[in-house]
Amino acid sequence: MIKDEVWSVSLDRAVRFFDSLEDVEKTNENEYRYLSAVIRLTELKPKGMGIWAAKRIKLHIEGNDEDTEAVYHRFFIQFLSTGG
């Protein structure tokens with residue numbers, strides 16, 4: 001399974017979130033592993049909305065269905081209020 005989405009979350013916040021998960025291993029800068037799922041975070045150019053610019057990331061998770069869905073769900077619940 002592959003989850004490939006753009007979220008209105010700063011890279012720093014996403015990194016802090018994955019760093020805080022005891023069962024997620026940091027494998028490289030902005031790259032993590034949860035069981036079979038590889039998680040990659042890419043900082044994107046902020047999206048302008050009038051005088052305000054929203055920080056954004058690309059979230060890419062790839063692995064078997066169960067592991068990908070499990071770690072994605074945790075991210076989704078953590079950042080749901082940001083509006084993705």
Side-chain angles (χ1 to χ4, degrees):
M1 170 183 277
I2 296 174
K3 294 279 191 179
D4 196 50
E5 300 178 349
V6 174
W7 280 75
S8 295
V9 173
S10 73
L11 180 62
D12 291 341
R13 284 186 67 201
V15 165
R16 281 195 308 270
F17 170 72
F18 284 112
D19 284 346
S20 74
L21 300 177
E22 292 181 12
D23 55 350
V24 173
E25 172 190 5
K26 188 168 195 160
T27 57
N28 214 332
E29 185 176 0
N30 305 329
E31 186 173 298
Y32 299 85
R33 177 175 292 280
Y34 171 75
L35 302 174
S36 74
V38 175
I39 304 154
R40 290 185 191 92
L41 304 171
T42 305
E43 187 170 31
L44 301 175
K45 182 179 174 184
K47 184 174 183 177
M49 295 182 216
I51 61 169
W52 183 69
K55 293 185 177 188
R56 302 180 309 144
I57 61 163
K58 178 179 174 183
L59 171 69
H60 181 91
I61 307 174
E62 186 169 349
N64 76 34
D65 291 357
E66 185 178 317
D67 299 343
T68 299
E69 193 60 47
V71 75
Y72 174 78
H73 181 75
R74 291 161 73 183
F75 181 88
F76 181 85
I77 294 301
Q78 176 69 27
F79 294 107
L80 177 62
S81 65
T82 64

Nearest-0.5 Å distance that lies between atom CZ in R33 and atom CZ in R40: 9.0 Å

Single-linkage hydrophobic cluster W7~L80, side-chain heavy atoms < 4.5 angstrom: yes

Check: T42 and H60 side chains under 4.5 Å, non-hydrogen atoms: no

Mutual orientation of the aromatic rings belonging to Y72 and F76 [parallel < 30°, tilted 30-60°, perpendicular > 60°]: tilted

Student check: side-chain heavy atoms of V71 and F18 closer than 4.5 Å: yes

Side chain R56, main chain K45, donor-acceptor under 3.5 Å: yes

Over all atoms of both residues, closest heavy-atom pair of I57 and S10: CG2-C, 4.0 Å

Nearest non-hydrogen partners of S36 and D67, listed with the distance: OG-OD2, 2.8 Å

Residue pair D4, L59: steps toward the side chain to side chain contact (heavy atoms under 4.5 Å, CB included) verdict: CA-CA 6 Å; D4 196 50; L59 171 69; over 6 Å; no

Sole residue of V24, L21, I61 in side chain to side chain contact (heavy atoms under 4.5 Å, CB included) with Y34: V24

For R74 against F17, the heavy-atom pair lying closest together: O-CZ, 3.6 Å

Polar side-chain atom of S8 near backbone of A54 as donor-acceptor pair, under 3.5 Å: no

Interatomic distance, L35 atom CG to E66 atom CD [nearest 0.5 angstrom]: 8.5 Å

Heavy-atom closest pair, residues K26 and V15: NZ-CG1, 4.2 Å

K3 and E69: CA distance, side-chain angles, deciding distance, salt bridge (charged side-chain N to carboxylate O under 4.0 Å, His left out) verdict: CA-CA 8 Å; K3 294 279 191 179; E69 193 60 47; 3.7 Å; yes

Closest heavy-atom pair and its distance - Y32, T27: N-OG1, 3.9 Å

Side-chain (T68) to main-chain (G63) donor-acceptor, under 3.5 angstrom: yes

CZ on R16 to CG on L11, rounded to 0.5 Å: 10.0 Å

